[in-house]
Amino acid sequence: MADKGVTPRSEDYSRWYTEVVQKAELADYTPVKGCMVIRPYGYALWENIQTALDGRFKETGHVNAYFPLLIPMSFLQKEADHVEGFAPELAVVTHGGGKELDEPLVIRPTSETIIGHMYSQWVRSYRDLPLLINQWANVVRWEMRTRLFLRTTEFLWQEGHTAHATQEEAEEETERMLGVYADFAINEAAIPVIQGKKSDREKFAGAVASYTIEAMMGNGWALQSGTSHFLGQKFARAFDIKFLNQENETDYAWTTSWGLSTRMVGAIIMAHGDDQGLVLPPRLAPHQVVIVPIWRKDEERSTVMALADQVFQTLKAGGVRVRLDDRDEVSAGFKFNDWEMRGVPLRIEIGPRDVEQNAVVFARRDMPGKPGKTFGVPVDGIVAAVQDALRVIQADMLARATTFRDENTHEVSSYDEFRAMLESKGGFVRVFWDGSGEDEDRIKDETKATIRCFPFEMPDEEGVCFYTGRKTRRIAIFARAY
RNA sequence: CGGGGCGUAGCGCAGCCAGGUAGCGCACUUGAAUGGGGUUCAAGUGGUCGGAGGUUCAAAUCCUCUCGCCCCGACCA
């Protein structure tokens with residue numbers, strides 16, 4: 001097993017993850033420390049993520065633009081919390097054209113500063129607002145430890161930056177975009193994320209409030225999969241984004257920012273992968289269907305390939321992302337395993353016996369082996385049959401991930417219980433919380449668990465804080481996190 | 001940056017303790033037989049043993065330094 005598949009997750013989740021990424025040919029490390037190359041298959045997945053998100057951004061009135069990679073160091077320093085948060089992980093350019101620069105340039109770790117600077121020049125009147133811009137870009141953060149997709153020195157993401165005339169509007173935008181992320185995660189990536197607010201300890205450097213979608217990975221750890229920040233007027237004051245309101249008074253704009261990165265690829269891998277490797281949700285999979293023809297003799301080959309090609313053309317014309325694996329040099333069994341490692345949601349097997357019946361065999365990636373197989377699927381109506389199957393797979397993946405998350409979410413009422421739970425079962429721990437930031441730090445030191453969020457969905461009842469014993473209405477979700 | 005581990009063919013490893021002219025599996029090439037779950041057999045290609053210095057008649061092996069990677073911590077989308 002171990003010699004031909006990936007390491008079972010129970011043995012070593014970290015190794016399992018790296019092996020899945022590499023066997024699926026999603027990405028590799030490069031000679032530059034902590035930097036990853038996203039291989040064509042991994043990039044195709046990212047492109048589908050981009051398309052799904054970008055469509056939602058357009059629907060909510062946003063437009064794309066591009067801001068530069070290099071930012072003057074002084075810009076970073078204008079917002080005190082922001083520079084404090086990012087200073088340790090900045091990559092700095094000190095030379096250009098063979099000379100030392102008068103002022104060092106920072107490779108953007110995020111673009112609030114340069115965009116804030118430009119917004120200050122673009123905004124004069126309330127009529128210029130809201131400004132709703134997104135950019136697809138790369139950013140660099142000099143992290144100490146890296147992991148493919150989850151934390152790399154350079155990563156790809158989108159970052160939305162908006163400016164509004166009123167606090168209410170900016171707060172609405174912050175929540176709207178978190179909702180867009182949650183909708184994407186649930187309906188495209190089949191990951192049942194929890195929406196909530198970050199604790200002060202965990203919020204974005206420079207934000208007034210940060211919101212997050214938190215996903216549970218296969219080992220019970222949490223992964224922050226997208227964030228949306230309400231920046232108040234902090235950046236507007238730092239970058240002088242002022243406008244005249246309807247009363248002809250000067251006011252600072254209210255800004256937001258929100259981002260989702262290639263880390264989402266890591267989330268998909270860890271939320272759905274199994275011992276055979278990657279399992280991709282149909283809506284994002286680069287290939288939704290792979291057709292594997294099976295034959296023994298040359299005369300069989302021609303009839304099998306004729307039907308395989310016919311099915312391929314029909315599906316393609318029907319808008320299905322389909323691939324025909326017509327390689328001669330490897331066996332059918334090899335191809336099965338090959339595409340399983342790559343997570344293709346649905347495999348269509350076509351052999352001589354199927355040709356006789358003018359039918360095919362479906363094999364679901366999310367249900368390996370016999371249970372996921374359907375024999376004798378008629379070629380007539382194949383497009384609808386495939387689309388149905390893909391819909392079912394998508395829905396089942398979400399349902400399975402939701403069940404997994406719920407089964408691994410526990411409630412405790414005392415700190416002893418809390419520690420025991422993290423030791424024995426892990427996962428998310430849902431508690432009443434009325435502690436301080438210092439309490440949070442102490443818990444992190446002692447258990448490695450942090451507050452992932454204060455979920456939006458809270459029961460309308462009062463409870464006792466598991467740590468302080470005080471009465472509170474606030475719920476927190478604690479977990480170990482990537 | 002602290003603690004642990006590892007650098008030998010594209011990948012995974014053995015050889016090192018007890019120095020003696022570099023090996024295995026996978027992959028790759030060629031040929032044949034196979035073909036409904038990672039086929040089999042045969043013949044091949046491919047290596048500055050991470051780098052530098054030292055000890056020695058002789059270093060993958062011993063010594064010193066150095067570079068890099070992985071895992072665990074601190075940091076984090």
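Residue numbers begin at 1 in each chain, while the letters A, B, ... track the order of the sequences.
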Complement of [N], any strand, by Watson-Crick or G-U distances under 3.5 angstrom:
{"N": "A32(B)", "value": "U40(B)"}
{"N": "A52(B)", "value": "U64(B)"}
{"N": "C1(B)", "value": "G73(B)"}
{"N": "G46(B)", "value": "none"}
{"N": "C16(B)", "value": "none"}
{"N": "C26(B)", "value": "G10(B)"}

Could you tell me how far apart [X] ([atom1]) and [N] ([atom2]) are, to the nearest whole angstrom?
{"X": "Asp325(A)", "N": "G37(B)", "atom1": "CG", "atom2": "P", "result": "16 Å"}
{"X": "Glu202(A)", "N": "C75(B)", "atom1": "CD", "atom2": "P", "result": "10 Å"}
{"X": "Glu19(A)", "N": "G12(B)", "atom1": "CD", "atom2": "P", "result": "10 Å"}
{"X": "Tyr482(A)", "N": "G73(B)", "atom1": "OH", "atom2": "C1'", "result": "15 Å"}
{"X": "Leu150(A)", "N": "C71(B)", "atom1": "CG", "atom2": "P", "result": "11 Å"}
{"X": "Lys370(A)", "N": "G36(B)", "atom1": "NZ", "atom2": "C1'", "result": "11 Å"}
{"X": "Trp339(A)", "N": "G36(B)", "atom1": "CH2", "atom2": "P", "result": "19 Å"}
{"X": "Phe334(A)", "N": "U40(B)", "atom1": "CZ", "atom2": "P", "result": "13 Å"}

- Message: Between Arg201(A) and Glu440(A) (salt bridge meaning N to carboxylate O under 4.0 Å), is one present in this structure?
- Response: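 Salt bridge between Arg201(A) and Glu440(A), a charged N being under 4.0 Å from a carboxylate O: no.
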
Suppose we screen for ring-ring contact (aromatic ring centres under 6.0 Å, His included). Which residues come up paired with [X], at least two apart in sequence or across chains?
{"X": "Phe456(A)", "result": "Tyr211(A)"}
{"X": "His229(A)", "result": "Phe204(A)"}
{"X": "Tyr41(A)", "result": "His287(A)"}
{"X": "Trp157(A)", "result": "Phe155(A)"}

Taking side-chain contact (heavy atoms from CB on, under 4.5 Å) as the test, write out the residues that go with [X], two or more places apart.
{"X": "Glu25(A)", "value": "Arg39(A), Arg342(A)"}
{"X": "Ala363(A)", "value": "Arg347(A), Glu349(A), Lys373(A)"}
{"X": "Arg442(A)", "value": "Glu438(A), Asp439(A), Glu446(A), Tyr467(A)"}

Between [M] and [N] - [atom1] atom distance, rounded Å:
{"N": "G44(B)", "M": "G51(B)", "atom1": "C1'", "answer": "32 Å"}
{"N": "G46(B)", "M": "C11(B)", "atom1": "C1'", "answer": "13 Å"}
{"N": "C72(B)", "M": "U66(B)", "atom1": "P", "answer": "26 Å"}
{"N": "C69(B)", "M": "G25(B)", "atom1": "C1'", "answer": "23 Å"}
{"N": "U64(B)", "M": "A59(B)", "atom1": "C1'", "answer": "15 Å"}
{"N": "C49(B)", "M": "G23(B)", "atom1": "P", "answer": "14 Å"}
{"N": "A9(B)", "M": "A60(B)", "atom1": "P", "answer": "14 Å"}
{"N": "A22(B)", "M": "U8(B)", "atom1": "C1'", "answer": "9 Å"}

- Query: Within the stacking criterion (centroid distance below 5.5 Å, interplanar angle below 30°), does Phe155(A) stack on A77(B)?
  - Reply: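 Yes, Phe155(A) stacks on the base of A77(B), since the ring centres sit under 5.5 Å apart and the planes are within 30°.
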
- Message: Can you work out whether Arg147(A) or Glu340(A) has the more 5'-proximal nearest nucleotide on RNA chain B?
- Response: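 In this pair, the answer is Glu340(A).
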
- Residue met sooner reading RNA chain B from 5', once Lys203(A) and Asn337(A) are mapped to nucleotides: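 Nearest nucleotide further toward 5': that of Asn337(A).
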
- Given C72(B), G73(B), A77(B), which nucleotide is nearest the side-chain atoms of Arg480(A)?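 Out of C72(B), G73(B), A77(B), the nucleotide with an atom closest to Arg480(A)'s side chain is G73(B).
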
- Task: Kindly point out which of G37(B), A77(B), G36(B) is positioned nearest to the side chain of Val361(A)?
- Result: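 Output: G36(B).
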
- Give the ring-plane orientation class for Trp254(A) versus Phe230(A), where under 30° counts as parallel, over 60° as perpendicular and anything between as tilted.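 Ring orientation of Trp254(A) relative to Phe230(A): parallel.
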
Among [range], which residues get a heavy atom nearer than 4.0 Å to RNA chain B?
{"range": "residues 349-356 of chain A", "result": "Glu349(A), Gly351(A), Pro352(A), Arg353(A), Asp354(A)"}
{"range": "residues 436-457 of chain A", "result": "Lys444(A), Lys448(A)"}
{"range": "residues 288-299 of chain A", "result": "Ile294(A), Trp295(A), Arg296(A)"}

- Query: Who passes side-chain hydrogen bond (donor to acceptor under 3.5 Å, both in side chains) against Thr409(A), sequence neighbours left out?
  - Reply: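 Partners of Thr409(A) by the side-chain hydrogen bond (donor to acceptor under 3.5 Å, both in side chains) criterion come out as none, since no residue qualifies.
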
- Tell me, please, which residues at least two apart from Lys58(A) pass side-chain hydrogen bond (donor to acceptor under 3.5 Å, both in side chains).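 Asp54(A).
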
- Task: Mind checking Leu260(A) for me? I need base, sugar-phosphate or nothing, with any heavy atom below 4.0 Å counting as a touch.
- Result: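 Nothing, no nucleic acid heavy atom in range.
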
- Message: Mind checking if Val139(A) touches a base, just sugar-phosphate, or nothing, with heavy atoms under 4.0 Å?
- Response: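 Nothing: the residue Val139(A), judged by heavy atoms under 4.0 Å, touches no strand.
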
- Message: So which atom in Ala205(A) and which in Asp81(A) form the shortest heavy-atom distance, rounded to 0.1 Å?
- Response: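 Heavy atoms only, the tightest pair is CB-O, 3.5 Å.
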
- Item | Check: Arg347(A) side chain, G37(B) base, donor-acceptor under 3.5 Å |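 Flag set: donor-acceptor pair detected.
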
- Query: How about Tyr415(A) and Phe418(A): are their ring centres within less than 6.0 Å of each other?
  - Reply: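 Aromatic pair counts; centres sit under 6.0 Å.
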
- Message: Using side-chain heavy atoms (C-beta onward) and a distance below 4.5 Å, is Val344(A) in contact with Leu280(A)?
- Response: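 No - every pair of side-chain heavy atoms lies 4.5 Å or more apart.
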
- Message: Please confirm whether the shortest side-chain N or O distance from Thr227(A) to OP1 or OP2 of A77(B) is below 4.0 Å.
- Response: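 Answer is no, no contact under 4.0 Å.
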
